[in-house]
Peer 1: 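Next up is a structure, given as structure tokens.
For the single chain, residues carry numbers from 1 onward in sequence order. Predicted, not measured: the structure shown is a model, and the values here were computed from it.
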Amino acid sequence: MKPPLLLIGHGTHDETGVAEFGRFVHRLRCRLDGLPAEVSGGFITNARPQLGQSIASLVARGHHHLVAVPLSLTGDRRALGDIPGTMALEQERHPTLEYDLGRPLGPDPRVLRLLAERLADARAEMPRFVTEEPPAEITPGETAVVLVGHGSTDPAVNAEVHRVSRLFWETHAADLLTVETAYVSHTRPGVPGGLERCRRLGAKRVIVLPYVLFAGAVLERIWAQALAYGANHEGLDIRCAEVIGDCEGLADVVIDRYEEALAGAGRSPAPVTVPAATRPAPAAPGRPSVVPVAVPALGTAGPDMPVIETLDAGALDVDALDVDALDVDALDVDALDVEFDVDALEVETFDARTEAAAETDTMIGATGHAEAVTEIRGGSPDGPLAQPGVASAV
């Protein structure tokens with residue numbers, strides 16, 4: 001027998017939404033009865049059954065491993081609740097409990113198809129007229145859609161709804177004028193703002209399409225805002241579509257998330273091992289630790305690194321090098337012949353641009369800008385720059 005499926009709802013005070021959630025749980029029970037797998041559901045807050053009660057009932061029936069799927073179109077943890085934290089608390093209450101967490105339901109191609117069905121239903125409905133005059137013909141190019149999401153304080157979640165709007169426009173509404181995005185709360189634009197944008201773009205008919213799973217208070221707020229806007233714009237044909245709702249198409253998506261979580265169960269990430277050649281060497285007493293970094297291939301140069309030919313790192317005695325006693329002016333860069341073994345080189349990470357900027361600022365502060373340029377060019381304002389392939393020394 002497969003592990004039970006636990007549906008997680010964010011909770012609502014609206015009885016309509018709670019009832020539709022319960023009907024959807026029953027639909028999945030009928031669908032998964034042949035697997036066989038039990039199905040249960042609960043809300044994190046504001047409604048019953050509570051999530052903890054549903055988990056306690058499953059554990060009492062002998063289930064210690066379950067698959068939790070959040071009934072959410074986005075990954076907004078602030079709206080749905082802290083599912084990992086809630087499940088961790090349940091594991092403290094039931095020490096033998098293990099669970100796998102499925103992904104949110106959207107954006108999914110099947111969810112977009114369900115939205116397209118709700119849009120088609122709204123376009124097919126004929127508005128009521130109090131006069132006998134036939135309605136004016138409105139072409140698809142004069143029809144726009146406002147896809148309305150919950151809205152979040154997390155910009156990434158709002159951007160995800162924008163992405164859904166774009167995907168829906170290109171895959172299911174390419175013949176329409178536009179598909180705009182709006183939100184019920186927490187961010188802009190609201191439903192009136194989305195409708196106004198469509199009107200200014202030349203739309204004669206706008207269909208408000210809720211990006212919402214079940215009916216309830218959220219849907220009522222969307223419709224109320226749309227109708228309030230339409231009362232002040234009588235020349236604009238505004239229609240409101242239904243939510244996705246309890247249907248077989250939505251059940252298909254949930255079952256897919258359930259099977260996906262089962263397929264990934266028990267697979268722990270492989271331990272990360274660092275090869276001996278790339279492990280940082282222990283720091284010697286009195287010397288900083290050395291971290292190996294990637295070095296460009298010979299004969300190539302990046303934006304912050306000159307071309308390096310050859311350097312024999314083994315011939316370089318770092319401990320014996322007296323940097324303070326180095327006379328830069330007396331150093332003949334052109335005559336410097338240095339070779340090195342790239343694979344054996346270990347250097348500390350540095351920012352070439354920061355080093356160069358600091359060096360130039362120091363020179364300008366001491367001698368002035370013109371003299372600093374002269375110093376860099378090797379004593380002549382118009383002298384040649386350092387040639388590629390020659391390492392500069394400081």
Peer 1: Do side-chain atoms of Gln225 reach the backbone of Pro192 as a donor and acceptor pair under 3.5 angstrom?
Peer 2: no
Peer 1: In Å, rounded to the nearest 0.5 Å, how long is the span from CG of Leu114 to NE2 of His172?
Peer 2: 9.0 Å
Peer 1: Judged by atom type as modelled, is there a donor-acceptor pair below 3.5 Å linking the side chain of Tyr258 to the main-chain atoms of Leu5?
Peer 2: no
Peer 1: From Leu209 CG over to Thr181 OG1, what is the distance, rounded to the nearest 0.5 angstrom?
Peer 2: 10.5 Å
Peer 1: Specify the closest pair of heavy atoms between Val208 and Pro210, including all atoms of both residues, with the distance to one decimal.
Peer 2: O-CD, 3.5 Å
Peer 1: Step through the shown structure and confirm whether more than 12 heavy atoms of other residues, nucleotides or ligands are within 6.0 Å of CD on Gln91.
Peer 2: yes
Peer 1: Please work out whether the ring planes of Phe214 and Phe21 are parallel, tilted or perpendicular, with thresholds of 30° and 60°.
Peer 2: perpendicular
Peer 1: Side chains of Leu73 and Ile244: does their closest heavy-atom pair fall under 4.5 Å?
Peer 2: yes
Peer 1: If we only count heavy atoms from C-beta on, is the Leu66 to Met87 side-chain gap below 4.5 Å?
Peer 2: yes
Peer 1: Is atom CZ of Arg31 surrounded by more than 12 heavy atoms (other residues, nucleotides or ligands) closer than 6.0 Å?
Peer 2: yes
Peer 1: For the backbone of Glu242 and the side chain of Arg118, can you confirm whether one donor and one acceptor N or O come within less than 3.5 Å of each other?
Peer 2: no
Peer 1: I'd like to check Cys198 versus Val146 (side-chain heavy atoms, cut-off strictly below 4.5 Å). Are they in contact?
Peer 2: yes
Peer 1: Answer yes or no: is there a side-chain heavy-atom contact under 4.5 Å between Val67 and Arg257?
Peer 2: no
Peer 1: Any chance you could lay out the side chain to side chain contact (heavy atoms under 4.5 Å, CB included) test for Glu90 and Leu97, step after step, and finish with the verdict?
Peer 2: CA-CA 8 Å; Glu90 294 301 325; Leu97 178 64; 4.2 Å; yes
Peer 1: Less than 4.0 angstrom from a charged side-chain N to a carboxylate O is my criterion; do Glu160 and Arg163 meet it?
Peer 2: no
Peer 1: Check this for me: Glu234, atom CD, are more than 12 non-hydrogen atoms of other residues, nucleotides or ligands nearer than 6.0 Å?
Peer 2: no
Peer 1: Does the side chain of Glu38 come within less than 4.5 Å of Met1's, by heavy atoms?
Peer 2: yes
Peer 1: Given 3.5 Å as the limit, does a donor-acceptor pair link the side chain of Arg239 with the main chain of Ala122, or not?
Peer 2: yes
Peer 1: So do the side chains of Arg61 and Pro4 get within less than 4.5 Å of each other, counting heavy atoms only?
Peer 2: no
Peer 1: Is the shortest distance from a Lys or Arg side-chain nitrogen in Arg166 or Glu170 to a carboxylate oxygen in the other one below 4.0 Å?
Peer 2: yes
Peer 1: Would you say His186 and Asp154 are linked by a side-chain donor-acceptor pair, where the criterion is simply a distance under 3.5 Å?
Peer 2: no
Peer 1: Can you tell me if NE2 on His162 sees more than 12 non-hydrogen neighbours from other groups inside 6.0 Å?
Peer 2: yes
Peer 1: Say whether, by atom type as modelled, one donor and one acceptor occur between the side chain of Glu20 and the main chain of Asp246 under 3.5 angstrom.
Peer 2: yes
Peer 1: Would Leu89 and Thr86 count as a side chain to side chain contact (heavy atoms under 4.5 Å, CB included) if you check the C-alpha gap in whole Å, the side-chain angles of each, and the deciding distance to 0.1 Å?
Peer 2: CA-CA 5 Å; Leu89 179 61; Thr86 302; 5.7 Å; no
Peer 1: For residues Val184 and Val164: do they belong to one hydrophobic cluster (side chain heavy atoms under 4.5 Å, members Ile, Leu, Val, Met, Phe, Trp, Tyr)?
Peer 2: no
Peer 1: If only atom types and distance count, is the side chain of Asp237 paired as donor or acceptor with the main-chain N or O of Lys204 below 3.5 Å?
Peer 2: no
Peer 1: Quick one, Leu105 and Arg110 - any side-chain contact, counting heavy atoms below 4.5 Å?
Peer 2: no
Peer 1: Membership question, hydrophobic clusters at under 4.5 Å side-chain separation (ILVMFWY): are Trp223 and Tyr183 in the same one?
Peer 2: no
Peer 1: Pair Leu51, Ile83 - check side chain to side chain contact (heavy atoms under 4.5 Å, CB included), show working.
Peer 2: CA-CA 10 Å; Leu51 187 63; Ile83 295 179; 5.9 Å; no
Peer 1: Side-chain heavy atoms under 4.5 angstrom apart, residues restricted to Ile, Leu, Val, Met, Phe, Trp, Tyr: same cluster for Leu195 and Ile222?
Peer 2: yes
Peer 1: Quick check: does any side chain N or O of Ser72 sit under 3.5 Å from a backbone N or O of Pro104, one acting as donor and the other as acceptor?
Peer 2: no
Peer 1: Evaluate salt bridge (Lys or Arg N to Asp or Glu O under 4.0 Å) for Arg113 paired with Glu117, printing each intermediate quantity in order.
Peer 2: CA-CA 6 Å; Arg113 286 198 296 268; Glu117 293 177 5; over 6 Å; no
Peer 1: Among Val206, Leu236, Val191, whose side chain to side chain contact (heavy atoms under 4.5 Å, CB included) with Tyr229 holds?
Peer 2: Leu236
Peer 1: Return the minimal non-hydrogen interatomic distance between Cys247 and Phe24, and the atom names on each side.
Peer 2: O-CE1, 4.0 Å
Peer 1: Side chains of Ile238 and His233: does their closest heavy-atom pair fall under 4.5 Å?
Peer 2: no
